[in-house]
Every structure is written in structure tokens, then in C-alpha cells.
There are 2 protein chains.
Amino acid sequence: MVTQPVTVPNVERIHARYKAMLQALRRANYRITPQRMAVCQFLAETRSHPTPSEIYHAVKEQFPTISRATVYNTVAVLKDLGEIIELPSGGSAGVRYETDITPHVNLTCMRCGRIFDVALEDLDSILHEIDARTQFNVTSFHIEGYGVCPDCQEA
Amino acid sequence: MVTQPVTVPNVERIHARYKAMLQALRRANYRITPQRMAVCQFLAETRSHPTPSEIYHAVKEQFPTISRATVYNTVAVLKDLGEIIELPSGGSAGVRYETDITPHVNLTCMRCGRIFDVALEDLDSILHEIDARTQFNVTSFHIEGYGVCPDCQEA
DNA sequence: GCAAAAAGTTAGAACGAGTATAATTTTAGA
DNA sequence: TCTAAAATTATACTCGTTCTAACTTTTTGC
């Protein structure tokens with residue numbers, strides 16, 4: 001079983017993430033609408049690297065008339081602001097979104113398509129080395145690993 | 001300007017990559033067809049993180065009747081075999097494929113959408129640490145960095 | 001070299017993810 | 001409270017991706 005990081009999703013962390021997203025929107029002069037708040041809340045809560053469709057269906061429970069365009073617009077804005085990251089989905093479901101923008105490792109199982117988060121220490125040294133070698137202004141990074149998860153190894 | 005790695009694409013490297021892809025297909029009991037060879041050749045040669053559409057149009061020069069489904073099937077098989085990696089394309093162009101499966105850094109400019117490859121040393125230590133912390137069988141990994149490229153910083 | 005099974009390709013259709021659009025609604029600031 | 005402009009909506013549209021049935025090709029064994 002993949003070692004889950006010691007940090008457990010809790011109300012504080014979710015709230016901080018939610019607040020950070022809303023602040024990013026405000027700072028960039030985007031309007032704060034109930035729909036955007038709901039999308040941010042869902043994204044702050046989820047651990048599942050959701051597709052746009054999954055986000056849509058989750059938010060639709062609270063806002064039955066929400067339009068898909070609204071969801072797509074909202075995640076696009078959040079992505080532009082660097083609050084979420086777009087991942088290849090590893091299946092036929094289009095893109096997935098990563099809400100943890102701190103440096104970490106995503107391990108994608110090439111069998112079942114699931115994505116596992118792993119926290120590693122000392123990833124900052126990578127950022128230093130990228131800075132030393134390039135003139136690219138890097139604002140976030142993570143590591144994408146591919147292979148077979150423990151469950152699929154047993155099957 | 002992003003520092004390009006000292007390694008320059010040359011005929012030997014391209015040929016080795018091409019051969020590796022064909023061998024992976026053979027080893028997995030896939031048939032070697034002229035269309036698959038052409039896709040592999042193009043992928044071995046390109047440095048451009050091509051979309052499926054770009055692959056299709058490149059191969060269509062040599063095989064004017066090739067079907068899109070054939071291209072999609074071929075890259076899907078190569079992806080399943082771990083010979084190429086799927087990247088988010090950062091635009092509306094669907095996915096892009098990465099043909100360099102050695103550990104390295106992809107820097108994606110969030111303005112223009114271009115993807116820059118950077119080679120770093122000592123990335124193997126990351127693999128060791130993932131192994132130490134998880135039971136995930138990792139076969140390849142790379143680093144995804146996001147930010148603004150030098151060109152877009154000047155504009 | 002031939003035959004056959006099965007994989008692979010093809011052309012075109014289908015699907016659905018993602019985007020566009022015009023009308024309507026809502027937000028935020030004065 | 002009013003208003004300008006942003007945001008949402010329902011629906012249509014685009015296009016990337018996958019499906020399908022017929023046909024072709026590869027590979028293996030004889």
C-alpha cells in the first residue's frame with residue numbers, strides 16, 4: 001500500500017485551501033460567485049484528482065441549474081491563477097486537476113489509471129537547480145511517476 | 001534562454017529510440033506494421049512533444065490513406081508499454097506526447113503553452129526515495145514545472 | 001510457397017469533452 | 001439604490017477521440 005503522508009486532510013487544511021483560492025480570485029479582480037465558491041470548496045475538499053465532468057456533477061448537487069460552461073470557466077481561471085494544475089488523466093476521461101500545488105509526487109498506475117499522491121522531503125533543491133540552469137520563472141512543480149500500483153501488482 | 005542539454009539529437013540516438021519502440025512492441029506480441037513503424041520513426045525523431053493530430057499529419061505524408069484511428073491506436077499501445085508519456089497540452093489541443101522517457105524536467109510556459117525539456121543530474125535519488133517510501137513499482141518519472149518562459153517574461 | 005487465423009487498417013459514423021453564443025442574471029462599487 | 005460589466009445559463013457547435021463493420025495484412029505453421 002502506498003504510504004500516505006502524515007498530513008491528513010482536515011477541516012483546517014481544507015478551509016485554508018478554499019480561502020487561498022478565493023483570495024487568488026479576488027486579488028485578480030475576478031468576481032466571487034456562489035458557483036465559484038462551490039467549485040473551490042469541492043476542489044479544496046477532494047483528494048481524487050477530479051475531471052471537469054466530476055467537478056460538474058459534484059457541484060450540480062448544490063446548483064442544479066449550473067452550466068458546464070461555468071465549471072469549465074471556473075477551473076480555467078483557477079488554472080491560470082496557478083491554484084490548480086492540469087494533469088493528463090491516464091485514461092479516456094480528458095484532463096484531471098491537481099489541487100495540491102506544493103511540490104510532491106504523483107504516481108500514476110498504468111494499469112488502473114489511479115493517481116496516488118506521495119510527499120517527499122527536500123524537493124526544494126530541485127527548484128534551486130532548475131533556477132540555476134534556466135531562465136525560466138518556475139512557480140510550481142511536481143514529479144510525475146508512472147508504473148504499477150501495489151493493488152495491480154498482486155492481480 | 002533555456003539551456004538545452006549537451007546531448008544533441010543525432011542519427012544514433014534516434015535509431016536507438018526507434019529500435020527500442022519496435023522491440024517493445026515485439027516483446028509484447030504486437031504486430032509490426034509499416035504504419036506503426038512510421039509512427040515510431042516520427043516519435044523517435046521529433047523533439048516537439050507532438051499532439052496526436054500532429055503525429056497523424058506527419059505520418060500521412062508517407063501513408064496518405066492512414067486512418068486517425070490507426071494513429072490513436074498506435075500511440076495508445078506505445079503509452080501502455082511505457083515508451084511514451086502523455087502530457088497535458090496546456091491549450092485546447094488535447095494531449096501531447098513525450099518521447100523522452102528518461103528522468104528529466106518539462107517546463108511548461110503558462111502563457112504560450114510551449115514545453116521545454118531540461119536535463120538535470122542526480123534525479124535517480126528521487127527514484128530511490130520513492131521506492132523507499134512506497135510499494136509502487138515506478139518504471140519512469142519526470143518533473144513537471146510550470147511558470148513563465150524567458151520569452152514571455154520579456155513581453 | 002501457401003493458407004489461415006487473427007491482428008491491424010480503413011473510412012466513416014458516433015460520442016462526448018470542451019467551447020461558443022446570445023439572452024439573462026448577478027456582483028460589486030459608487 | 002442604481003448601473004456597468006462580469007458571470008451564468010441553455011443550447012448549439014466544434015473537434016479530439018473512439019467505435020464499427022468491412023477489408024487487408026502480418027505472422028506462423030505446414
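Just so we're on the same page: letters track the sequence lines, and every chain starts at 1.
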Whole Å only: how far is the [atom1] atom of [X] from the [atom2] atom of [N]?
X	N	atom1	atom2	answer
A:L78	D:dA7	CG	P	12 Å
A:Y56	D:dT9	OH	C1'	11 Å
A:N73	C:dA20	CG	P	9 Å
B:K79	D:dT18	NZ	P	8 Å
A:E54	C:dG18	CD	P	11 Å
A:L25	D:dA6	CG	P	15 Å
A:F63	C:dT25	CZ	P	17 Å
A:R68	D:dT8	CZ	P	16 Å

### Task
State, with a plain yes or no, whether a side-chain heavy atom of A:I32 is found less than 4.5 Å away from one of A:L25.
yes
### A:T74 side chain near A:Q35 side chain, heavy-atom distance below 4.5 Å
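In short, these two side chains do not touch, never coming nearer than 4.5 Å.
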### Query
B:T108 side chain to B:Y146 main-chain N or O, any donor-acceptor pair under 3.5 Å?
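No; judged by distance alone, with no hydrogens or angles, the pair does not exist.
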What's the spacing between [X] [atom1] and [Y] [atom2] if we round to 0.5 Å?
X	Y	atom1	atom2	value
B:Y18	B:L43	OH	CG	11.5 Å
B:L22	B:R17	CG	CZ	10.5 Å
B:L127	B:S140	CG	OG	9.5 Å

#### Entry: Five-pair end axes of the helix from C:dG1-D:dC30 to C:dA30-D:dT1, angle between them (10°)
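Axis angle across the helix from C:dG1-D:dC30 to C:dA30-D:dT1, nearest 10°: 50°.
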### Query
Parallel under 30°, tilted from 30 to 60°, perpendicular over 60°: which one fits the rings of A:H104 and A:H142?
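A:H104 and A:H142: parallel rings.
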### Task
Report yes if a side-chain nitrogen or oxygen of B:Y72 is closer than 4.0 Å to either non-bridging phosphate oxygen (OP1 or OP2) of D:dT17; otherwise report no.
yes
### Message
Which residue in the set A:V39, A:T70, A:V71 passes side chain to side chain contact (heavy atoms under 4.5 Å, CB included) when paired with A:Y56?
### Response
A:V71
### Message
Over all strands shown, is B:T65 touching base, sugar-phosphate only, or nothing at heavy-atom distances under 4.0 angstrom?
### Response
sugar-phosphate
### Message
As a test of reading the structure: which of D:dT8, D:dG16, C:dG8 is closest to the side chain of B:R36, going by heavy atoms?
### Response
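For B:R36, the side-chain atoms sit closest to C:dG8.
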### Query
If you check the B:Q35 side chain, which of C:dT9, D:dT9, D:dG16 turns out closest?
C:dT9
## Note on the structure
Heavy-atom contacts, protein to nucleotides 19-30 of chain D, under 4.0 Å, summarised as B (base), S (sugar-phosphate only) or - (none) per nt, yield B------BS---
### Task
Check A:E98 against A:H49 and note the closest heavy-atom contact, atom names and distance.
OE1-NE2, 3.2 Å
